[in-house]
Amino acid sequence: MEQIQDTSRPPLEYVKGIPLIKYFAEVVGPLQSLQPRPDDLLIITYPKSGTTWVSEVLDMIYQGGDLEKCQRAPMFIRVPFLEFKGPGCPSGLEVLKDTPAPRLLKTHLPLALIPQALLDQKVKVIYVARNAKDVAVSYYHFYRMVQLNPDPGTWDSFLEKFMAGEVSYGSWYQHVREWWELRHTHPILYLFYEDMKEDPKREIRKILEFLGRSLPEETVDHIVRHTSFKEMKNNRMANHSTVPTEIMDHSISPFMRKGVTGDWKTMFTVAQNERFDADYAEKMAGCSLEFRSEL
Ligand code: A3P
């Protein structure tokens with residue numbers, strides 16, 4: 001495993017105009033030689049949109065609902081995070097070498113940085129999107145606890161950076177839009193965090209249909225129960241508590257934080273909300289995507 005010496009919140013590095021965590025930026029080049037398998041499944045999200053949740057759901061589906069099998073390793077081993085690199089953990093590419101097929105792969109990369117072979121070979125994608133306000137709040141707390149990110153500064157300044165796309169992985173607006181448009185030409189199941197909150201069983205059924213798999217009714221119910229926020233918060237193999245503190249400091253803010261829709265209301269001031277809405281209307285003009293920011 002490659003040793004990383006300086007872990008002191010380095011500034012983001014731009015790759016093709018996209019700001020990334022410095023260590024992740026270094027992986028984008030080598031990642032382009034990734035060789036997909038026809039049975040790969042790619043989980044794509046903008047950060048803080050329900051990646052870990054859908055990953056657990058998918059691993060449970062792949063393991064036929066067998067809890068013990070899903071306890072075999074932490075999430076970052078079960079579902080390799082393609083562009084990941086950090087101290088004290090194997091990189092995503094290292095994990096990938098030992099991952100048996102059929103593989104579940106995770107990335108937050110925008111379209112411009114996705115390995116071309118994944119697009120050319122039409123690897124199936126499950127995309128999860130979450131409303132921008134809850135993402136911004138969740139991302140702020142995540143920035144505080146993840147030591148590979150730059151310092152988030154105040155909530156107000158972080159929100160400005162989020163709106164300007166000056167956070168790791170760039171613009172939320174562009175990310176959700178480009179993958180939404182791509183669904184016309186690429187096999188993408190586009191899911192929403194809020195729909196999963198509202199009716200997880202319905203969304204798991206959509207996933208099964210997309211994968212061309214079926215499971216007994218009781219297994220689906222079992223997956224719904226096991227992947228609830230409460231269960232996952234206490235599951236060491238899903239809650240990222242095994243990630244070294246140099247990367248994630250759960251004492252600052254736990255990874256499994258609140259898991260609700262509408263938490264933004266506890267952070268946004270009236271003025272921030274008005275400014276955000278006006279900016280949102282401009283950035284999302286002409287897009288048919290509709291988000292719910294409360295349930
Ligand atoms: P909050 O910070 O709002 O609580 P990601 O995995 O993409 O980084 O997303 C993390 C967000 O999803 C966090 O949001 C986390 O609490 C939430 N989350 C994780 N598992 C969840 C679950 N089973 N149900 C609902 N939300 C979940």
Side-chain angles (χ1 to χ4, degrees), residues 21 24 42-61 67 70 74-76 78-84 86 92 104-110 126-146 148-149 152 155 158-159 162 167-169 172 175-176 179 191-204 207 222-241 243 247-250 252-268 291-295:
I21 288 176
F24 298 6
L42 194 54
I43 300 163
I44 306 185
T45 58
Y46 188 84
K48 312 321 292 168
S49 303
T51 331
T52 314
W53 188 7
V54 83
S55 299
E56 187 69 18
V57 166
L58 281 162
D59 191 37
M60 281 217 81
I61 290 175
L67 269 186
C70 294
M75 185 58 79
F76 65 89
R78 289 184 283 147
V79 180
F81 178 10
L82 296 181
E83 64 272 22
F84 176 81
L104 293 167
L105 314 174
K106 158 187 164 180
T107 183
H108 296 308
L109 291 173
I126 293 194
Y127 188 90
V128 187
R130 185 183 192 186
N131 79 81
K133 291 177 186 174
D134 281 331
V135 168
V137 170
S138 181
Y139 213 2
Y140 172 65
H141 293 293
F142 187 70
Y143 249 68
R144 291 171 53 232
M145 64 96 73
V146 171
L148 308 179
N149 283 313
W155 158 242
F158 182 83
L159 187 61
F162 180 87
V167 291
S168 183
Y169 295 103
W172 173 91
H175 207 287
V176 296
W179 290 103
L191 299 174
F192 295 90
Y193 179 97
E194 294 76 21
D195 292 349
M196 287 167 60
K197 282 295 300 181
E198 183 179 67
D199 190 345
K201 192 167 177 179
R202 178 188 63 206
E203 301 308 301
I204 292 174
I207 293 175
H222 171 65
I223 295 176
V224 170
R225 277 196 304 276
H226 173 72
T227 55
S228 71
F229 179 76
K230 212 170 135 217
E231 287 289 319
M232 282 184 60
K233 191 174 170 68
N234 294 320
N235 176 356
R236 269 175 60 74
M237 293 301 146
N239 64 14
H240 296 310
S241 58
V243 174
I247 300 180
M248 281 188 179
D249 189 342
H250 294 261
I252 298 176
S253 177
F255 179 86
M256 296 284 173
R257 203 180 56 89
K258 290 195 179 171
V260 297
T261 293
D263 185 46
W264 61 271
K265 291 178 190 165
T266 64
M267 289 287 279
F268 278 65
F291 284 91
R292 292 185 288 169
S293 46
E294 51 195 311
L295 287 178

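The figures that follow rest on heavy atoms only: side chains count, while hydrogens, waters and symmetry mates do not. Order of appearance sets the numbers: ligands from 1, and atoms from 1 within every ligand.
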Show me the pairs that pass side chain to side chain donor-acceptor pair (under 3.5 Å) and involve residues 222-233, at least two apart or across chains.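 Counting only pairs at least two positions apart or across chains, the side chain to side chain donor-acceptor pair (under 3.5 Å) contacts touching residues 222-233 are Glu56-His226.
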Centroid-to-centroid, Tyr193 to Trp53, below 6.0 Å?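 They qualify: ring centres under 6.0 Å apart.
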Any carboxylate oxygen within less than 4.0 angstrom of a Lys/Arg side-chain nitrogen, looking at Lys48 and Asp134?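 Asp134 and Lys48: not salt-bridged.
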Compile the protein residues with any heavy atom at a distance under 4.0 Å from an atom of ligand 1; present them by chain, then by number.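 Contacts of ligand 1 under 4.0 Å: Lys48, Ser49, Gly50, Thr51, Thr52, Trp53, Arg130, Ser138, Tyr193, Thr227, Ser228, Phe229, Met232, Phe255, Met256, Arg257, Lys258, Gly259.
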Identify each donor-acceptor pair in which a side-chain atom of residues 253-261 lies under 3.5 Å from a protein atom, sequence neighbours left out, and give them as a table.
unit_1 : atom_1 : unit_2 : atom_2 : d
Arg257 : NH1    : Asp263 : OD2    : 3.2
Arg257 : NH2    : Asp263 : OD2    : 2.9
Lys258 : NZ     : Asp263 : OD1    : 2.7

With sequence neighbours excluded, tell me which residues meet side-chain contact (heavy atoms from CB on, under 4.5 Å) with Pro200.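 By the side-chain contact (heavy atoms from CB on, under 4.5 Å) rule, Pro200 matches Val224.
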Give the ring-plane orientation class for Tyr139 versus Phe158, where under 30° counts as parallel, over 60° as perpendicular and anything between as tilted.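 Aromatic pair Tyr139/Phe158 classed perpendicular.
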